Amino acid sequence: MGNTVVVENQKLQEIPLQVRTLRRSRDYQQISLYKDVNPLDWEDWQWQLKHRIRTKEELAQIIKLTPDEEKGIKKASGRLSMAITPYWATLIDPEDPNCPFRRQSVPTAAESVVGPHEMVDPCAEDRDSPAPCLVHRYPDRILLLATEHCAMYCRHCTRRRLVGDYQKSNVPSRFEAAIEYIKSNKKIRDVLISGGDPFVLEDEEIESLIQKIRSISHVEFLRIGTRVPVTLPQRITEKLVAMLKKYSPIWISIHFNHPREITGRCRIVCDMLTDAGIPLGSQTVLLKNINDRPYIMKRLMHELLKIRVRPYYIYQCDPVRGTQHFRTPVAVGINIMEKLRGYTSGYAVPSYVIDAPGGGGKIPVAPNYVLSQAKGKYVLRNYRGKVYTYLE
Ligand SMILES: *Cc1c(COP(=O)(O)O)cnc(C)c1O
Ligand code: SF4
């Protein structure tokens, strides 16, 4: 008995001090389903993954489900089925069906409606795949899809054709052809490891993949796209961070959609990563009634700067089948950009892009500041609409 206490105390030391002393606005122990969970288990990412909410019955113990959500959960079995980490579940408003955490994670009946221009693979990624797990669109950089699994499945996911828990394909030689392709293509200087979420893989799997890419001499830039700092912050352990640090420089892009996603727990992991010399950027999907108001987007950008994450992209929501209810007109995105530029720090202004349907890559869309251009004379307007002339 005494022995167990010692072991537990030792394990407790493995949890970073900031986490042990963190003040949470709403503690998981206030939720009856989790009231008896040991803090060590709560901080264990494998425990979090194993206890993800996957059924209507489990979710109904935490939030009051609407008939629309019940229908959605039933239909979403199979691909992109529901999976919600206990961490994320504690952030959901039990009473409000419009809660941003809830809308991003709980399926609704609208997902089975296919809109007029919606496609299975809108950015034609499968067409531009020269080897399994690769998408090669730009000459100098390549996207490597390291896994089709994620900690939580976002209802607006662009890769819903690939992503989900419907199959396991973890053959060790999975990346062989991909690595060979990158090796033989000397123009590739930038590799983006994404998925799915690469950080649902074990440390050893991630390290072995990074090692293989790092050993290719013409690859000079390596980045990882992830959402776990937001959906499963427990995954960013000191051990993982120490491993990543060995392969510096590595950049990380984190998918953030709402200012409330930046919890105290999330801030700790962003600090751990930044302190290890890993530059962080954000990617945000413009989502109707979630972050489509300029003041919410601005607050998100400000909160990101406060945790040393540089806003990188805002994406127009891709025309993926079953996501019409998330999509806004393009004008909404342009208006958000208009309300950022000039009205806040330049560092808080990301690029708003449309990933061109058919596979044209990311195209920036911005308010127009050039009113006319002729014979060495540019007529410009500033953020307040005042007109200025620049002579060349
Ligand atoms: C987004 C993306 C990249 C990286 O684009 P950047 O603008 O350099 O961040 C590379 N390949 C594919 C297929 C992509 O979709
Ligand atoms: S984390 Fe990314 S890949 Fe995974 S479900 Fe969400 S949007 Fe899709």
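Keep in mind the model is a prediction, meaning the values are calculated, not measured. Read the numbers this way: they start at 1 and go in the same order the structure lists the ligands and their atoms.
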Has the side chain of [X] got a donor or acceptor atom that lies under 3.5 Å from a matching backbone atom of [Y]?
X      : Y      : result
Arg260 : Pro100 : no
Arg223 : Val191 : no
Thr85  : Arg52  : no
Arg137 : Ile142 : no

is_close_aromatic(Tyr181, His136), centroid dist under 6.0 Å: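 Centroid distance Tyr181-His136: below 6.0 Å, so yes.
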His325 and His156 aromatic centres sub-6.0 Å: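 When the ring centroids of His325 and His156 are compared, they turn out to be at least 6.0 Å apart.
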Selection residues 367-389 - residue pairs positive for salt bridge (Lys or Arg N to Asp or Glu O under 4.0 Å), sequence neighbours left out: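 Found Glu338-Arg381.
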Per-atom contacts of ligand 1 with [X], taking only distances under 4.0 Å to non-hydrogen atoms:
X      : answer
Tyr313 : 6 (P), 7 (O), 9 (O)
Val135 : 13 (C)
Arg141 : 5 (O), 6 (P), 7 (O), 8 (O)
Lys362 : 1 (C), 2 (C), 3 (C), 4 (C), 5 (O), 14 (C), 15 (O)
Arg223 : 4 (C), 5 (O), 6 (P), 8 (O), 9 (O)
Tyr312 : 6 (P), 7 (O), 8 (O), 9 (O)

Within less than 2.8 Å of atom 4 (Fe) of ligand 2: protein N, O or S atom count: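 For atom 4 (Fe) of ligand 2, protein nitrogen, oxygen or sulfur atoms under 2.8 Å: 1.
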Tyr390 atom OH, neighbour heavy-atom count above 12 within 6.0 Å: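 Not more than 12 within 6.0 Å, no.
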Whether His258 and Phe101 hold their rings parallel, tilted or perpendicular, with breakpoints at 30° and 60°: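 Plane angle between 30° and 60°, so tilted.
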Ligand 1 contact on Gln283 by region, counting heavy-atom pairs under 4.0 Å: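 No part of Gln283 is near ligand 1 at this cut-off.
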Note: Glu111-Arg321 ion pair, threshold 4.0 Å (strictly below):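 No.
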Closest to atom 12 (C) of ligand 1 among Leu143, Ile142, Val353 (heavy-atom distance):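 Looking at heavy atoms only, Leu143 sits closest to atom 12 (C) of ligand 1.
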